[in-house]
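Here's the structure, in structure tokens; my notes come after.
In the text below, chain A, chain B and the rest are named by the order of the sequence lines, each starting its count at 1.
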Number of protein chains: 2
Amino acid sequence: MYSNFTVDCVILGFHEGELKVLLAERNEYPFKDWWALPGFFVDNDEEMEDAVKRILYENTGLKDVFMDQLHSFAGLKRHPKGRILTVAYYALVQLDNTKLKTKPVTNYMKQAKWFPVRNVPELAFDHKQILDLCLERLQRRLAYKPIAFELLPEKFTLTQLQLVYEGILNKTLDKRNFRKKMQNYGFLKELDEVQTGVAYRAARLYKLDKRKFLKHFQNTVAF
Amino acid sequence: MYSNFTVDCVILGFHEGELKVLLAERNEYPFKDWWALPGFFVDNDEEMEDAVKRILYENTGLKDVFMDQLHSFAGLKRHPKGRILTVAYYALVQLDNTKLKTKPVTNYMKQAKWFPVRNVPELAFDHKQILDLCLERLQRRLAYKPIAFELLPEKFTLTQLQLVYEGILNKTLDKRNFRKKMQNYGFLKELDEVQTGVAYRAARLYKLDKRKFLKHFQNTVAF
DNA sequence: TCAAAAGTGTTAACTTTACACCCATGG
DNA sequence: CCATGGGTGTAAAGTTAACACTTTTGA
């Protein structure tokens, strides 16, 4: 039994040097055949976060991902059938090649597909607005939440980390300054391992020390 | 005709060197006689922001105040009668002595009263959680939204401004450093006026140049 | 041996922090 | 003339920004 409100998910991954968002092609009116953020009604006896997890699983096959609430939208005209309140979330997944193939298992959508966040097709409802808000928030939260790390595998190189920062901030950064700053924070653990399978000099791998990260940023506000 | 969701408002003002929140004493079950954030069901044909404005007006007699959405709460157990989704907002008002007297005009509450934000009575529902989240958000947003200025009259002294910053950040700041920094930003207009009615040297008055403020902070993110 | 990306240091500009006294005013 | 808060500068420490070349590796 469905409640009267929905959740919509901005599911983000990082692939080929780009930030990507998972969109679903709708198979239902209104906006049939349009691309939209994955979302659906929350069940009556279901916690909102569990609905987000369910939608995430239905669309990507993934569980246990980082998520955070974004904003709620309840405009009287946002849905042609009358006001439907939606609570927007974002979720960050570790996209590798094995996870690129999506397999939507519901019948209210035809397919799901990853798009570069700054090059999406026209979206249903107010979903473009939701996506834009999400990107703006990520830029701010990047400074005090482990957002970049949730988009990367457990072990990563500094170049990969820099590319994620650049993708979210939508600008290029200086390599030396970036590495110096990251290493000075003290929450990166340098591993005794290097990349494998590359045709050039293999880069050192690092891990996030989440305890130190959170400690570092828990009280970071202006002044 | 009411919709099935509510808005709850963290209404904040600044008075006597302290950040204060307006609380309402409930006159209805559940939580009859408890203090709570002002809030109510949104009407079916009413925009959510208009509901917030309505509640604000009912509780304070004020219109045209700064407000912003905070977060939505939809826990299955947050309301004893079953899940009721609420969208929490905060609103910032310019509290002067003429506005301190509150006059709730609804019958679902007995009275409204201003409390220091860090010394509130036990609150109904999950309202303490909402208030705490609000204070945390304000600390972050203070750095890039004109929050402090919305709590002050149009013309204010630098000491008043510093007190607001201190109230929100919940710590004391160095007077010289604060003034230097604020004046360097360049968004304060120094007026040719000074305070009146004080028994000591009158302080210079300033105004916010909102255009310059927004320009200054529109692109402020880490790196 | 070449192509590709890894890795590395210094300097100048700017920002932040710490700190204490004299001044102007009204009562 | 005194109590109260208004107003002001400097130096040291820390952070950010700009900038280019050598090294390692696998194919």
Distance flag, aromatic centroids of B/W34 and B/F125, threshold under 6.0 Å = no
Using atom CD of B/Q160 as one end and atom P of D/dG7 as the other, report the distance to the nearest whole Å.
-> 11 Å
DNA chain C: A/Q195 or A/D174, which has the more 5' nearest nucleotide?
-> A/Q195
Integer-rounded Å distance: D/dT15 P and A/N184 CG = 8 Å
Report yes or no: is there a donor-acceptor pair, N or O only, under 3.5 Å between the side chain of A/K180 and the base of D/dT16?
-> no
May I ask you to say whether A/K210 pairs ionically with A/E150, meaning some side-chain N is under 4.0 Å from a carboxylate O?
-> yes
For B/L173 and C/dA18, what is the distance between atoms CG and P respectively, to the nearest whole Å?
-> 11 Å
For the pair B/E49 and B/K53, find out whether any cationic side-chain nitrogen is under 4.0 Å from an anionic carboxylate oxygen.
-> no
Assess whether salt bridge (Lys or Arg N to Asp or Glu O under 4.0 Å) is satisfied between B/R137 and B/D68, documenting all intermediate values.
-> CA-CA 11 Å; B/R137 289 284 178 91; B/D68 214 352; over 6 Å; no
Base, backbone or nothing for each nucleotide of nucleotides 20-27 of chain D, written B, S, -, heavy atoms under 4.0 angstrom, 5' to 3'?
-> B--BBBSS
Could you check whether A/T159 gets within reach of a base, just the sugar-phosphate, or nothing at all, counting any heavy atom under 4.0 Å?
-> sugar-phosphate
Relative orientation of the end axes in the helix from C/dT1-D/dA27 to C/dG27-D/dC1, expressed as an angle to the nearest 10° (five pairs per end) = 10°
If you count the non-hydrogen atoms of other residues, nucleotides and ligands that lie under 6.0 Å from NZ in B/K189, is the total more than 12?
-> yes
Is the cationic atom of B/R140 (NZ for Lys, CZ for Arg) positioned less than 6.0 Å from the six-membered ring centroid of A/Y144 and within 45 degrees of its normal?
-> yes
Quick one: A/R179 CZ to D/dT15 P, roughly how many Å, whole number?
-> 21 Å
Can you tell me the distance, in whole Å, between the CG atom of B/L163 and the P atom of D/dG5?
-> 11 Å
Return the value, rounded to whole Å, for the distance between atom CZ of B/F178 and atom P of D/dG7.
-> 13 Å
Between C1' of C/dT8 and CD of A/Q162, the distance in whole Å = 14 Å
Side-chain heavy atoms of B/E25 within contact of B/K113, under 4.5 Å | no
Does atom CG of A/D64 have more than 12 heavy-atom neighbours, drawn from other residues, nucleotides or ligands, at distances under 6.0 Å?
-> no
Could you check which of D/dT16, D/dT10, D/dT8 has an atom nearest any side-chain atom of A/K181?
-> D/dT16
With B/E190, which of B/R204, B/K155, B/K207 fulfils salt bridge (Lys or Arg N to Asp or Glu O under 4.0 Å)?
-> B/R204
Could you check how far CG of B/L205 sits from C1' of D/dG6, rounded to whole Å?
-> 13 Å
